[in-house]
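Keep in mind the model is a prediction, meaning the values are calculated, not measured.
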Amino acid sequence: MSKSHDDEKLGRKSYEKELRKLQVELCHLQAWVKAKGERIIIVLEGRDAAGKGGTIKAMTARVSPRVFRVVALPAPSDREKGQMYMQRYVERFPSAGEIVIFDRSWYNRAGVEYVMGFCTREQHQRFLELCPAVEKYVVDGGIRLLKIWLEVGQKEQEKRFRARIDDPIRQWKLSPMDVDSYDRWYDYSRARDLMFEHTDTEGAPWHLVDSNDKKRARLNCIAHILAQIPYKRVEHKKVKLPDRSDKKKYDDTTSLAKRRFVEQRY
C-alpha cells in the first residue's frame with residue numbers, strides 16, 4: 001500500500017482546483033465516448049467507508065447522467081436469486097456511448113456475500129474460478145473494463161464510522177450490515193486477497209487507490225481512469241445564440257403575479 005497522507009491532508013482549495021481540471025477532462029472523455037460509441041465499465045470496490053460514494057459523486061458531478069450511469073444495486077429480489085448470478089449485472093452493462101460505474105458489483109460474491117455467509121463456499125469458489133473467463137468475454141467483446149479497489153486503513157475506517165454515528169446527515173450511511181461487518185476486518189482482508197489472487201488478470205487487472213485521504217483518493221482515482229482510456233478531444237462548433245424574436249410578444253411577468261412562489265427564506 002502506498003504511503004498514507006494522514007499528516008498532510010490535502011487542503012480544500014488545492015483539491016477543488018485539481019478536481020476542476022479533472023472534471024474538464026471527464027467532459028472531454030464524455031464527448032469522445034459519445035462520438036466513438038465506446039462502452040466502458042468502471043467497477044469501484046472497497047471496504048465499507050472506503051470513500052466509494054464520494055469518489056463517484058466527484059466523478060459524475062459535471063457530466064451527463066445519460067452518459068455516465070451509476071449502478072448501485074440493492075440486495076437481490078427473490079426472482080433475481082433464481083437467475084444466473086451475473087444476470088442482473090449484465091442487464092446494466094453499457095450500450096454504445098455509455099460509461100457505467102458500478103458502486104459495488106458482481107464482486108459482492110467475493111466480499112460481503114462470502115464473509116457474511118450469504119453464499120456457500122462452493123458458490124464463492126465457483127465465482128473466483130469463472131469470473132476471469134467472464135470478464136475476458138466482456139473485454140474481448142469490446143467493452144473497456146476498469147477495476148478499482150479503494151483501500152482504507154483500520155483507524156481511518158473507525159473514524160469514519162464514528163462520524164456517521166454522531167452526524168445526522170451521515171447516519172443513513174451506517175447500515176446494520178456495516179455494524180455487523182465492523183469486527184470482521186481480517187475476514188474481509190483474507191477475502192480481498194483471495195479475490196485479487198484469482199481475478200487480477202492481464203486483460204482486467206485490479207488497481208488500488210489509497211483512500212485514507214478522501215480528497216487525494218478522489219483525484220488519484222479520476223486521474224487513473226483518464227490515464228487508462230486513449231480518449232481525444234472532440235472538436236465542437238462554437239455555439240452562437242440567435243437574437244430573440246419579439247414576434248407574439250406579451251407581458252409574461254405580470255401573469256406570474258397570480259401564481260404561488262415559494263417563500264423567500266434565504
Side-chain angles (χ1 to χ4, degrees), residues 1-23 26 42-62 70-75 101-105 107-118 146-196 200 206-225:
M1 188 168 159
S2 60
K3 178 186 173 184
S4 173
H5 295 276
D6 287 342
D7 296 330
E8 44 177 315
K9 297 283 189 180
L10 187 63
R12 176 160 293 280
K13 285 186 177 180
S14 297
Y15 166 70
E16 291 179 348
K17 179 181 178 181
E18 294 304 315
L19 179 60
R20 168 72 181 183
K21 295 177 185 177
L22 292 172
Q23 287 175 333
L26 285 169
I42 300 170
V43 168
L44 270 183
E45 293 285 349
R47 300 176 187 270
D48 295 322
K52 295 180 293 295
T55 299
I56 291 172
K57 185 176 180 181
M59 196 186 310
T60 59
R62 302 296 180 183
V70 179
V71 176
L73 297 182
I101 303 170
F102 279 96
D103 181 359
R104 294 196 182 276
S105 65
Y107 282 100
N108 277 342
R109 176 133 298 178
V112 63
E113 290 187 19
Y114 175 57
V115 173
M116 302 303 293
F118 297 144
L146 308 180
K147 301 187 305 189
I148 298 170
W149 175 273
L150 301 182
E151 180 63 23
V152 64
Q154 271 187 309
K155 290 183 179 179
E156 183 63 25
Q157 186 195 51
E158 180 177 351
K159 177 182 174 183
R160 294 176 189 179
F161 274 166
R162 294 194 181 282
R164 292 178 181 185
I165 292 172
D166 299 330
D167 189 344
I169 65 174
R170 298 184 191 177
Q171 287 171 354
W172 64 271
K173 293 184 176 183
L174 190 63
S175 70
M177 185 67 64
D178 295 337
V179 177
D180 289 343
S181 66
Y182 177 72
D183 65 348
R184 299 178 187 242
W185 177 270
Y186 294 108
D187 290 336
Y188 274 100
S189 294
R190 293 186 184 93
R192 175 203 62 196
D193 293 343
L194 267 175
M195 179 188 76
F196 289 156
D200 185 18
W206 280 102
H207 288 93
L208 279 62
V209 174
D210 180 344
S211 66
N212 286 291
D213 182 335
K214 289 181 179 180
K215 296 185 183 71
R216 291 185 190 278
R218 294 167 191 166
L219 298 179
N220 287 327
C221 187
I222 296 172
H224 167 74
I225 289 169

Can you list everything that forms a side-chain hydrogen bond (donor to acceptor under 3.5 Å, both in side chains) with [X]? Sequence neighbours excluded, please.
X: R20; result: none
X: R162; result: E158
X: E18; result: K21
X: K159; result: none

For [X], give me all partners under side chain to side chain contact (heavy atoms under 4.5 Å, CB included), at least two apart in sequence or on another chain.
X: S175; answer: M177, D178
X: T60; answer: I56, V63, F68, V70, I101
X: R170; answer: A163, R164, D167
X: K214; answer: R160, R218

query = Residues two or more places apart in sequence or in another chain: which of them pass salt bridge (Lys or Arg N to Asp or Glu O under 4.0 Å) with R62?
reply =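 R62: no salt bridge (Lys or Arg N to Asp or Glu O under 4.0 Å) contacts found.
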query = With sequence neighbours left out, what residues match D187 under salt bridge (Lys or Arg N to Asp or Glu O under 4.0 Å)?
reply =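 R190.
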query = Can K52 and E45 be counted as an ion pair, charged N to O under 4.0 angstrom?
reply = no
query = Under 4.0 Å between a Lys/Arg side-chain N and an Asp/Glu carboxylate O for D48 and R104?
reply =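 Yes, this pair counts.
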Results of ring pair (Phe, Tyr, Trp, His ring centres under 6.0 Å) for Y107 - residues two or more places apart only = F127, W206
State, with a plain yes or no, whether a side-chain heavy atom of [X] is found less than 4.5 Å away from one of [Y].
X: V209; Y: H224; value: no
X: Y15; Y: K9; value: no
X: I148; Y: C221; value: yes
X: T55; Y: S211; value: no

key: Listed once per pair and sorted, the ring-ring contact (aromatic ring centres under 6.0 Å, His included) pairs that draw on residues 147-180, sequence neighbours left out   =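 Residue pairs with at least one partner in residues 147-180: W149-F196, F161-Y182.
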query = Should the heavy atoms of other residues, nucleotides or ligands under 6.0 Å from CD1 of I165 be counted, would the total exceed 12?
reply = yes
inquiry  = Looking at every non-hydrogen atom in both residues, tell me the closest pair between A61 and Q23 and how far apart they are.
reply    =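 Heavy-atom minimum between the residues: CB-NE2, 3.8 Å.
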